[in-house]
Amino acid sequence: RSSDLGSDISVNGALNAGTGAVDLTAGTTASPGAILEGSGGAVTGSGLTATAASVGTAAAPLVTNISTLTADATQGGIYLTNQNGLTLASIQSSGDASLTASSGNLSVDSVNVGGSASLTASAGTITDASNSSPLTAKSLTLLARSIGAASTLTATGVDYSTRLIIDSGTLNATSTAGGIYINALGSTGLSSVSVHASGGSSGNIELLAPDGSLYLQSVSASNTLLLA
């Protein structure tokens with residue numbers, strides 16, 4: 001655990017906890033600092049808990065090699081690039097958030113972003129781990145081989161729990177080798193939608209807004225398309 005009272009934390013070089021967890025707190029609740037990516041910085045451990053005014057920057061995201069992320073940015077954004085797959089256990093950002101898994105999957109448990117959110121898993125999938133709590137942001141950009149998973153028919157009806165649940169004003173989603181399966185909550189639906197799924201027979205799109213409207217800008221699917 002590292003706490004830097006009233007100032008920033010700059011991660012310079014390797015910060016390696018092995019199989020243990022890393023806890024970084026910059027400043028205090030009353031006077032938070034920033035957690036910054038320094039020269040050759042890399043945080044390694046089973047998980048990271050980061051509490052600060054902001055975490056990383058758009059130009060220099062914090063580099064990590066962890067399995068689970070809990071982050072709270074009270075006055076800014078969260079910018080992080082993980083070397084492997086990552087579970088977003090709890091993300092709270094008062095600004096924007098850009099979260100990338102360089103290899104492996106992104107699993108979304110709890111994500112609440114005050115501004116725009118961008119999730120990237122170019123070599124893996126983006127899936128919903130909570131099945132109840134929506135990924136919340138003003139605008140949302142998603143890029144992965146596949147996003148969410150298809151609903152299934154059960155004895156009692158249709159099970160939508162495998163879909164990615166979101167609550168956002170706009171959506172830009174691209175899958176490069178599979179489908180896009182999303183439930184968009186919120187009474188107004190999505191004011192701007194651009195979704196593109198490729199992957200041959202796996203490139204399906206299922207986008208549902210049960211309580212609002214979908215305003216389509218650009219939509220393409222290499223297989224089936226369901227909008228409702």
How far apart are the closest heavy atoms of [X] and [Y], and which atoms are they?
| X | Y | answer |
| --- | --- | --- |
| Ala121 | Ile126 | CB-CG1, 4.2 Å |
| Ser175 | Ile180 | OG-CG1, 3.5 Å |
| Asp128 | Ile165 | OD2-N, 3.0 Å |
| Ser110 | Ser133 | OG-OG, 4.4 Å |
| Asp8 | Ala34 | OD1-N, 2.8 Å |
| Thr125 | Ser146 | CG2-OG, 3.1 Å |

Sub-4.5 Å side-chain heavy-atom contact between [X] and [Y]:
| X | Y | answer |
| --- | --- | --- |
| Leu48 | Leu62 | yes |
| Asn105 | Thr127 | no |
| Ser191 | Thr170 | yes |
| Glu37 | Pro61 | no |

[X] side, atom [atom1]; [Y] side, atom [atom2] - distance, nearest 0.5 Å:
| X | Y | atom1 | atom2 | value |
| --- | --- | --- | --- | --- |
| Leu119 | Leu143 | CG | CG | 10.0 Å |
| Asp167 | Asn183 | CG | CG | 11.5 Å |
| Thr100 | Leu106 | OG1 | CG | 7.5 Å |
| Ile35 | Thr25 | CD1 | OG1 | 7.0 Å |
| Ile182 | Ser168 | CD1 | OG | 9.5 Å |

Handout entry: Side-chain donor-acceptor contact under 3.5 Å, Thr154 with Thr156
Key = yes

Practice task
Using only heavy-atom distances, determine whether the side chains of Asn172 and Ser194 contain a donor-acceptor pair under 3.5 Å.
Solution key: no

Problem - Ser93 side chain to Gly95 backbone, donor-acceptor under 3.5 Å - result: yes

Do [X] and [Y] belong to the same hydrophobic cluster, where Ile, Leu, Val, Met, Phe, Trp and Tyr are linked whenever their side-chain heavy atoms lie under 4.5 Å apart, directly or via other members?
| X | Y | value |
| --- | --- | --- |
| Leu88 | Tyr181 | no |
| Val43 | Leu36 | no |
| Leu140 | Leu185 | no |
| Leu69 | Val22 | yes |

Could you go through residues 215-228 and list every donor-acceptor pair under 3.5 Å that involves a side-chain atom there, pairing it with any protein atom two or more places apart or in another chain?
| residue | atom | partner | partner atom | Å |
| --- | --- | --- | --- | --- |
| Ser218 | OG | His196 | NE2 | 3.0 |
| Ser220 | OG | His196 | ND1 | 2.7 |
| Ser222 | OG | Gly199 | N | 3.4 |
| Ser222 | OG | Gly200 | N | 3.2 |
| Ser222 | OG | Gly200 | O | 2.8 |
| Asn223 | ND2 | Ser201 | O | 3.0 |
| Asn223 | ND2 | Asn204 | OD1 | 2.7 |
| Thr224 | OG1 | Asn204 | OD1 | 2.9 |

Practice task
I would like to know whether Val195 and Ile147 meet side chain to side chain contact (heavy atoms under 4.5 Å, CB included); could you show each step before the answer?
Solution key: CA-CA 11 Å; Val195 287; Ile147 300 168; over 6 Å; no

In a table with atom names and distances, give each donor-acceptor pair under 3.5 Å that connects a side chain of residues 71-86 to protein atoms at least two apart or in another chain.
| residue | atom | partner | partner atom | Å |
| --- | --- | --- | --- | --- |
| Asn82 | OD1 | Thr64 | OG1 | 2.7 |
| Asn82 | OD1 | Asn65 | N | 3.4 |
| Asn82 | OD1 | Ile66 | N | 2.9 |
| Asn82 | ND2 | Ile66 | O | 3.0 |
| Asn82 | ND2 | Asn84 | O | 3.0 |
| Asn82 | ND2 | Gly85 | O | 3.2 |
| Asn84 | ND2 | Asn65 | OD1 | 2.6 |

